[in-house]
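Taking it in order: structure first as structure tokens, then the write-up.
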Amino acid sequence: MPAMASRSGTRRRSMNEINMVPFIDVMLVLLIIFMVTAPMLTPSSVNVPSVGKGAKVPKTRADVIVDKDGSIRFKADGNERTVPLQNLGATAKNWLKDQPEDTPVLISADKNVSYDAVMKAMSALQQAGVARVALEVKSGG
């Protein structure tokens, strides 16, 4: 009987605590792995599409040329004239009345022209209701 009494006195308690040491060890190892591999990764580069020729080049078109000084020229049917920004939309719309419906108006600008000047010309054309407005680019270099 004494053996039974000693057994009942040595009951094990259930553990109510979670041991955090293995968890912390795993997190530290992952942190070290990320710190070592991060400098080895090369920054990703963005590949911009190259410009090629369109499948169907329009027969007639109008050109809006934005010069370095901000002046705007409207070129259509071999005629070229300087147009103020306020009249650009009306000039293009009047020219498009006699043209086929899908005739585009291309905006071309020097690379040193501010982005704002090009966007103002595009906005003026769109507010006048010009359906096809595009930006002209150089192919190649």
Side-chain angles (χ1 to χ4, degrees), residues 2-141:
M4 286 291 253
S6 65
R7 261 191 181 174
S8 63
T10 60
R11 282 191 197 172
R12 292 186 173 196
R13 288 186 179 185
S14 62
M15 279 185 62
N16 292 336
E17 299 175 4
I18 297 174
N19 191 0
M20 294 295 289
V21 174
F23 177 71
I24 293 171
D25 289 343
V26 169
M27 288 295 117
L28 288 174
V29 168
L30 288 174
L31 179 65
I32 291 169
I33 289 171
F34 286 126
M35 287 174 60
V36 169
T37 58
M40 293 180 196
L41 299 175
T42 58
S44 61
S45 61
V46 177
N47 295 326
V48 294
S50 60
V51 178
K53 288 190 172 185
K56 182 181 172 188
V57 179
K59 293 179 182 178
T60 59
R61 69 178 204 182
D63 292 314
V64 174
I65 303 161
V66 182
D67 289 323
K68 290 180 187 178
D69 60 352
S71 63
I72 298 173
R73 292 180 287 148
F74 185 80
K75 181 180 177 182
D77 298 329
N79 298 329
E80 185 174 326
R81 60 186 180 272
T82 303
V83 177
L85 180 64
Q86 296 81 10
N87 298 342
L88 178 63
T91 303
K93 199 67 173 166
N94 287 337
W95 180 79
L96 285 170
K97 279 193 277 187
D98 302 330
Q99 303 302 321
E101 187 174 322
D102 62 340
T103 303
V105 176
L106 277 73
I107 299 173
S108 60
D110 188 79
K111 67 179 180 179
N112 296 325
V113 172
S114 70
Y115 182 71
D116 186 46
V118 176
M119 292 311 297
K120 283 181 181 177
M122 183 180 281
S123 176
L125 291 170
Q126 289 176 341
Q127 287 177 355
V130 177
R132 293 187 64 194
V133 179
L135 296 174
E136 185 172 16
V137 295
K138 274 190 209 177
S139 60

ask   = Would a distance-only check, ignoring hydrogens and angles, find a side-chain to backbone donor-acceptor pair under 3.5 Å from D69 to S71?
value = yes
query = When rounded to the nearest 0.5 angstrom, what is the spacing between CG in D63 and CD1 in I107?
reply = 10.5 Å
Test applied, side-chain hydrogen bond (donor to acceptor under 3.5 Å, both in side chains); reference residue, W95; option that passes from N79, D77, T60 = D77
note = Rounding to 0.5 Å, atoms NZ (K97) and OG1 (T103) come to a distance of 14.5 Å
task = For L96 and R132, run side chain to side chain contact (heavy atoms under 4.5 Å, CB included): C-alpha distance rounded to whole Å, both residues' side-chain angles, the deciding distance at 0.1 Å, then the answer.
result = CA-CA 11 Å; L96 285 170; R132 293 187 64 194; over 6 Å; no
task = Locate the shortest heavy-atom distance separating A90 from A128; write the atom from each residue and the value.
result = N-CB, 4.4 Å
ask   = Just how far is it from atom CG of N94 to atom CG of N87, taken to the nearest 0.5 Å?
value = 10.0 Å
task = First locate atom CG of D67, then atom CZ of R73, and finally report the distance between them rounded to the nearest 0.5 Å.
result = 4.0 Å
Name the atoms and distances for all side-chain donor-acceptor pairs under 3.5 Å in residues 113-127, with sequence neighbours left out.
from : atom 1 : to   : atom 2 : distance (Å)
S114 : OG     : A117 : N      : 3.4
D116 : OD2    : K120 : NZ     : 3.4

message = When you measure from the side chain of K93 to the backbone of G129, do you find a donor-acceptor pair of N or O atoms at a distance under 3.5 Å?
response = yes
